[in-house]
Amino acid sequence: MKIISYVPGYKEALLSLLRLNTPLYFHPSEEKDFIHYLNHETESYYVVALNGVIVGCGGINYFSEEQNARLSWDIVHPAYQGKGIGRKLTAHRINKIANTPGIETIVVRTTQLVYPFYEKLGFVLERSEKDYWAPGLDLYQLKYKL
């Protein structure tokens, strides 16, 4: 397994990953948001390749004035979920963030379906909001203190 930095040439493969996880984990309307993110908001975005196949992705966005970083757009191919890909990608990003001066907290915003994954990694639930992302997809915001 290799974790590499995102380049625009990976965009279509990442859109395919998103579509494979829609509608279970993402609402169809979120695709345009993901495209905008890839085109304009990636700061540190990573792709996971396994035997030459892209099986996951996830990013980091920094908010220096708030002394935090946010994990962004985590997606793992359904056939590879539960095999440690997400855990390794998250650990990779936590390590990158921990080595960034001035950042004290990591925030992740996810759904009721995924937040237990982050709790297992030490994130603590901060708040939730029903139907935030779309009907049936609630916001669960968690924090991790460095």
Side-chain angles (χ1 to χ4, degrees), residues 1-8 10-11 13-50 54-78 80-146:
M1 183 180 95
K2 291 186 349 185
I3 299 174
I4 52 181
S5 292
Y6 170 77
V7 295
Y10 297 132
K11 183 177 173 181
L14 301 188
L15 289 171
S16 293
L17 285 180
L18 179 74
R19 291 173 189 137
L20 288 169
N21 282 282
T22 302
L24 180 59
Y25 296 108
F26 296 95
H27 188 269
S29 66
E30 291 181 272
E31 184 171 327
K32 68 178 178 353
D33 297 332
F34 187 45
I35 291 169
H36 178 81
Y37 179 84
L38 291 174
N39 289 340
H40 304 288
E41 297 177 16
T42 56
E43 289 181 57
S44 297
Y45 202 73
Y46 300 96
V47 173
V48 180
L50 185 62
I54 294 175
V55 298
C57 56
I60 305 167
N61 290 89
Y62 295 93
F63 301 88
S64 300
E65 66 283 352
E66 298 167 18
Q67 297 180 312
N68 73 41
R70 182 182 299 157
L71 300 184
S72 305
W73 289 102
D74 295 6
I75 308 170
V76 175
H77 189 293
Y80 295 89
Q81 292 173 7
K83 300 184 186 306
I85 303 280
R87 182 177 39 78
K88 289 177 182 168
L89 178 58
T90 303
H92 176 80
R93 291 178 293 159
I94 289 172
N95 184 53
K96 294 280 187 188
I97 295 165
N99 288 300
T100 303
I103 302 296
E104 297 178 2
T105 306
I106 303 171
V107 175
V108 65
R109 300 180 321 155
T110 188
T111 69
Q112 72 273 20
L113 303 171
V114 181
Y115 86 94
F117 165 80
Y118 293 102
E119 284 187 321
K120 289 178 193 172
L121 298 175
F123 286 78
V124 176
L125 182 63
E126 181 181 47
R127 72 182 189 97
S128 63
E129 186 177 327
K130 186 163 179 49
D131 297 331
Y132 179 86
W133 305 109
L137 292 174
D138 305 340
L139 167 71
Y140 275 66
Q141 183 169 303
L142 299 96
K143 279 192 174 181
Y144 182 96
K145 290 279 189 189
L146 294 172

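- N21 places a side-chain N or O within donor-acceptor distance of the main-chain N or O of V76, the cut-off being under 3.5 Å.
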Legend entry - side chain to side chain contact (heavy atoms under 4.5 Å, CB included) assessment of F63 paired with E65: CA-CA 6 Å; F63 301 88; E65 66 283 352; 4.0 Å; yes
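- For K96, the NZ atom counts as loosely surrounded, since its 6.0 Å shell holds 12 or fewer non-hydrogen atoms of other residues, nucleotides or ligands.
- How far CD1 of I106 is from CG of N68: 9.5 Å, rounded to the nearest 0.5 Å.
- Aromatic ring centroids of Y37 and Y45 lie under 6.0 Å apart.
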Inset, instruction - Apply side chain to side chain contact (heavy atoms under 4.5 Å, CB included) to Y80 and V48, showing your working. - result: CA-CA 11 Å; Y80 295 89; V48 180; over 6 Å; no
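- H27 contributes atom NE2, which lies 11.0 Å from atom CG of D33 (distance to the nearest 0.5 angstrom).
- The line from OG of S44 to CG of N61 is 8.0 Å long, rounded to the nearest 0.5 Å.
- To the nearest 0.5 Å, atoms OH (Y6) and CG (L14) are separated by 6.0 Å.
- Closest approach of A69 and I60 over heavy atoms only: CB-CG2, 4.0 Å.
- The shortest distance between side-chain heavy atoms of L146 and E104 does not fall below 4.5 Å.
- The backbone N or O of R19 sits nowhere less than 3.5 Å from a side-chain atom of E31 that would complete a donor-acceptor pair.
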Validation: residues 137-145 side-chain donor-acceptor distances under 3.5 Å, sequence neighbours left out:
| from | atom 1 | to | atom 2 | distance (Å) |
| --- | --- | --- | --- | --- |
| D138 | OD1 | D131 | N | 2.7 |
| Q141 | NE2 | E126 | OE1 | 2.4 |
| K143 | NZ | E126 | OE2 | 3.1 |

Inset, instruction - Give the C-alpha distance, both sets of side-chain angles, the deciding distance and a yes or no for side chain to side chain contact (heavy atoms under 4.5 Å, CB included) between I94 and I97. - result: CA-CA 5 Å; I94 289 172; I97 295 165; 5.6 Å; no
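- Here CG of D74 is found 13.0 Å from OH of Y25. Values are rounded to the nearest 0.5 Å.
- In this structure, Q112 contributes its side chain and G136 its backbone to a donor-acceptor pair below 3.5 Å.
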Inset, instruction - Could you walk me through whether W73 and L38 pass side chain to side chain contact (heavy atoms under 4.5 Å, CB included), step by step? - result: CA-CA 10 Å; W73 289 102; L38 291 174; over 6 Å; no
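- Annotation for R87 and F117: closest pair N-CZ, 3.6 Å, computed over non-hydrogen atoms.
- In plain terms, the two heavy atoms of L125 and E119 that are nearest each other are CB-OE2, 4.1 Å.
- Once rounded to the nearest 0.5 Å, the distance linking CZ of R70 with OG1 of T105 reads 12.5 Å.
- S5 places a side-chain heavy atom less than 4.5 Å from the side chain of Y46.
- Contact check for F34 versus T22: no side-chain heavy atoms found under the 4.5 Å cut-off.
- For the pair K11 and N39, the minimum side-chain heavy-atom distance is below 4.5 Å.
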